[in-house]
Student: 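The following block contains the structure, expressed as structure tokens.
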2 protein chains.
Amino acid sequence: MKRKMTIQEIARLAGVSKATVSRVLNNKGGVSPETRRKVEEVIRLYSYTPNLVARGLSLKRTSSIGLIVAHTAERLSSHLFFIEFLRGISAVLDERGFRLVLATAESEDRYETSCRSMAEGGVVDGAVVLGVRRNDKRLRYFLRAGIPVVTVGRPIGFPRVDYVDVDNRGGARMATEYLLRLGHGEVLLINGPADHTASLAREKGYRAAFKAMKREVDTDLIVYGDFSFESGYETVRRFLAKGKTPSAVFAASDLAAMGAITAFKEVGIRVGSEVSVIGFDDIPYAHFFDPPLTTVRQPIYEMGKEAGRILLLRLEGGTGPERLHKVFPTQLVVRESTI
Amino acid sequence: MKRKMTIQEIARLAGVSKATVSRVLNNKGGVSPETRRKVEEVIRLYSYTPNLVARGLSLKRTSSIGLIVAHTAERLSSHLFFIEFLRGISAVLDERGFRLVLATAESEDRYETSCRSMAEGGVVDGAVVLGVRRNDKRLRYFLRAGIPVVTVGRPIGFPRVDYVDVDNRGGARMATEYLLRLGHGEVLLINGPADHTASLAREKGYRAAFKAMKREVDTDLIVYGDFSFESGYETVRRFLAKGKTPSAVFAASDLAAMGAITAFKEVGIRVGSEVSVIGFDDIPYAHFFDPPLTTVRQPIYEMGKEAGRILLLRLEGGTGPERLHKVFPTQLVVRESTI
DNA sequence: CTCCTTGCTGTAACCGGTTTCAGGAAAAGT
DNA sequence: ACTTTTCCTGAAACCGGTTACAGCAAGGAG
């Protein structure tokens, strides 16, 4: 294992100065073809790679961007969201030679300091914040440090921050209307947390569907959970225990929908014939669940790509001050859990 | 958004030199309590955070480690593995203030250069290589650059590289024996790719179980797939089409097991009473699949933690030259897909 | 032949930290 | 009172790149 070469040594070996080697490395002009060839030869010979940390210090950019995932990203739904999103964003970032740096943590305060040092330590040129919250502290760090940020989900309270989002309201409305049109009298909404942006938007969509069909919303049928399998399962169990059997369920996540279906199955109620259940997300398992799940699909991969694109635009182009954002449409994927 | 402070400015404002501020920042001795207080005051006042890139250049370490995921990490099983592993490793790395830098890429050669620049560019202090292959090029880059690496899965051809692994052979043997003891005459093995280390080990375990029970292996019942849902599904379909109905299936991944079960269900064969199916992994969905899947659990989260620990040991302690490794036991989780 | 470009190259400063080393002041020893 | 030790501090070198600027040589114009 030979010691790591520096630009100085390459310069000496090629009989030129550091400056010239640097020019060759970065394909700058002002180097004679002959010198260039000679330097390239030496670089190849010693298979030299420049030190990116030193370059980063000098250029004040590191070609890496931070991926900030909610510290509560323990839930499976977030997992699958995360992985899809990751695939999307890295697809566009890799193309431009950007690296991804993760900020995750077990405890809340460690997470904070980790974000802060990432924001202010100059380790990343930009950041993507997942699971953004109202008045998000992490977001604040990046903004204060003057680092471009794209959030996933519309960042409430930050009117100038770029974001990508999905049409939660429209998707929820579409799903609910579909159920109402199917002739279901009541639709149980198993929502996410009440303070979650996406939950709120989905509830709005649910209400909008009722309004459009000139029907009254029964607030007893709106329940808040946490997107988890368990929250779907428990909610339905509770309803059944009270002797109420909703004829249709719209769950704000596929996982919760699966939980609901499992609860129905346990008491012998057949989903897809006796009751209808719709989920949200279209996670990869949805299509081979039993019964295959009707759900509202989010284009997560595409959202990842778009987040990457917006960030690159901010970093490379001198785009104006106007907010960049893109809201993706959802799509109702009808399978066999609805009738 | 005020401009980023430097150590120099803090020094000036506190009326001391850069050196003293540095000493205060790093809690070094040799600073009078009074001076320390004064400097800390200024630091707090301007909420100064040191530039980590500059520090990295000076110290020749960056407190970040690379996470190298196989560029073919498109399969869902890898996804879930990855996410669990990520949770584990970041749990231990965060504790020590280490960041994770991802190497992913769409195309093979871009992936190569990305790994190479990460290895030789001095951006990471250590690396974890997932999905290591025989004679792995990526691995070679890190070794050449003298950067500590831990692989996930025993790295064939690299006798001195640290690794974490799971007892694939033992787990497969346990599952197969369980099926044989249940009285199944033949066990269809739906394996992963034939050149995959884990597949080979699982096949060995399968064969060992037959040997231990003094039974002959029918090689027609060993099929290679790619761990995917589809490969399980198609394999069973093919068998059924030929008029053969295996009474037991051992799939080398939960996904393939689910595919197999789906194929059985389609023709009305009841899994868990007429046939038995065992998977491998124990992915989070396994327990609420229908029927809940009997499977061989891998402690992926723990493997992530251990990989992190080994890496830290190499980075912080002056551990000797002997290879560090840990092979985790598997566990048979019996649910309702077997009888 | 002189002057002006033009093209190529090297010197030196800079990015923002860490650390060695030397020196000054205060405290301790004799 | 003088030396020695201890404690604290700052100057300067260093990490490994990039780049502004100056200088030199060759070629073209007048």
Side-chain angles (χ1 to χ4, degrees), chain A residues 2-40 42-43 46 48-64 97 117 119-125 145-146, chain B residues 2-40 42-43 46 48-64 97 117 119-125 145-146:
Chain A
K2 6 174 187 167
R3 210 175 53 50
K4 189 77 180 71
M5 281 277 173
T6 71
I7 200 175
Q8 184 61 270
E9 300 174 276
I10 295 296
R12 195 172 45 72
L13 288 163
V16 298
S17 73
K18 297 201 310 181
T20 301
V21 178
S22 176
R23 281 187 272 258
V24 172
L25 279 174
N26 299 296
N27 283 314
K28 297 237 167 124
V31 180
S32 75
E34 194 191 356
T35 310
R36 181 176 295 273
R37 209 192 38 66
K38 188 174 56 181
V39 173
E40 276 166 350
V42 176
I43 288 175
Y46 292 85
Y48 161 75
T49 335
N51 181 315
L52 297 177
V53 178
R55 173 177 286 173
L57 176 58
S58 187
L59 293 177
K60 288 167 179 301
R61 45 190 173 76
T62 56
S63 283
S64 51
S117 74
E120 298 171 2
V123 255
V124 297
D125 300 345
Chain B
K2 10 176 180 151
R3 207 174 57 49
K4 189 80 180 69
M5 281 277 171
T6 71
I7 199 175
Q8 184 61 269
E9 301 173 275
I10 295 296
R12 195 173 43 72
L13 288 163
V16 297
S17 73
K18 297 202 305 180
T20 300
V21 178
S22 176
R23 281 188 272 257
V24 171
L25 280 174
N26 299 295
N27 282 314
K28 296 238 168 123
V31 180
S32 74
E34 194 191 357
T35 311
R36 181 177 296 273
R37 210 193 37 67
K38 188 173 56 182
V39 173
E40 275 166 350
V42 176
I43 288 176
Y46 291 85
Y48 161 76
T49 335
N51 182 315
L52 298 177
V53 178
R55 173 177 287 175
L57 177 58
S58 186
L59 292 178
K60 289 170 179 299
R61 46 190 173 78
T62 56
S63 284
S64 51
S117 73
E120 297 171 4
V123 255
V124 296
D125 301 343

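Just so we're on the same page: letters track the sequence lines, and every chain starts at 1.
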Student: Between which nucleotides of DNA chain C, read 5' to 3', does contact with chain A run, using atoms under 4.0 Å from its heavy atoms?
Tutor: C:dC8 to C:dG16

Student: Please answer whether the main-chain N or O of A:Thr49 pairs with a side-chain N or O of A:Lys4 as donor and acceptor at a distance below 3.5 Å.
Tutor: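 Yes, the answer is positive, given that a donor and an acceptor are paired below the 3.5 Å cut-off.
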
Student: Measure the spacing between CD1 of B:Ile10 and OG of B:Ser22 and express it to the nearest 0.5 Å.
Tutor: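 Those atoms lie 13.0 Å apart.
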
Student: With axes from five pairs an end, tell me the bend angle of the helix from C:dC1-D:dG30 to C:dT30-D:dA1, nearest 10°.
Tutor: 50°

Student: Could you give the CD1-to-P distance, from B:Ile7 to D:dG10, as a whole number of Å?
Tutor: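 It works out to 12 Å between those atoms.
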
Student: Applying side-chain contact (heavy atoms from CB on, under 4.5 Å) to A:Val16 and A:Lys38, what does each step give before you reach the verdict?
Tutor: CA-CA 10 Å; A:Val16 298; A:Lys38 188 174 56 181; 4.3 Å; yes

Student: Report the residue from A:Thr6, A:Leu13, A:Ile7 that forms a side chain to side chain contact (heavy atoms under 4.5 Å, CB included) with A:Tyr48.
Tutor: A:Ile7

Student: Keeping to residues at least two apart or across chains, list the salt bridge (charged side-chain N to carboxylate O under 4.0 Å, His left out) pairs with something in residues 7-35 of chain A.
Tutor: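 Residue pairs with at least one partner in residues 7-35 of chain A: A:Arg3-A:Glu9.
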
Student: Which of residues 19-35 of chain B sit near DNA chain D, with a heavy atom under 4.0 Å from it?
Tutor: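 Nucleic-acid contacts, sorted: B:Ala19, B:Thr20, B:Arg23, B:Gly30, B:Val31, B:Ser32, B:Thr35.
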
Student: Under the salt bridge (charged side-chain N to carboxylate O under 4.0 Å, His left out) definition, can you give me all pairs with a residue in residues 52-62 of chain A, not counting sequence neighbours?
Tutor: none

Student: Could you tell me whether a side-chain N or O of A:Asp125 sits under 3.5 Å from a main-chain N or O of A:Ser63, the two making a donor and an acceptor?
Tutor: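 Here the side-chain-to-backbone pair exists.
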
Student: Check the pair B:Thr35 / B:Val39 against side-chain contact (heavy atoms from CB on, under 4.5 Å), numbers first and verdict last.
Tutor: CA-CA 6 Å; B:Thr35 311; B:Val39 173; 4.3 Å; yes

Student: Any chance you could measure B:Arg36, atom CZ, to B:Thr20, atom OG1, to the nearest 0.5 Å?
Tutor: 10.0 Å

Student: What distance separates A:Leu52 CG from A:Thr62 OG1, expressed to the nearest 0.5 Å?
Tutor: 9.5 Å

Student: Distance check, rounded to the nearest 0.5 Å: B:Leu57 atom CG versus A:Ser58 atom OG?
Tutor: 10.0 Å

Student: In residues 50-60 of chain A, which residues come under 4.0 Å of DNA chain C by heavy atom?
Tutor: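 Of all residues in residues 50-60 of chain A, the ones placing a heavy atom under 4.0 Å from DNA chain C are A:Leu57, A:Ser58, A:Lys60.
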
Student: Just by modelled atom types, is the B:Val123 backbone N or O under 3.5 Å from a matching donor or acceptor in the B:Ser64 side chain?
Tutor: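 Judged by distance alone, yes, a pair lies under 3.5 Å.
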
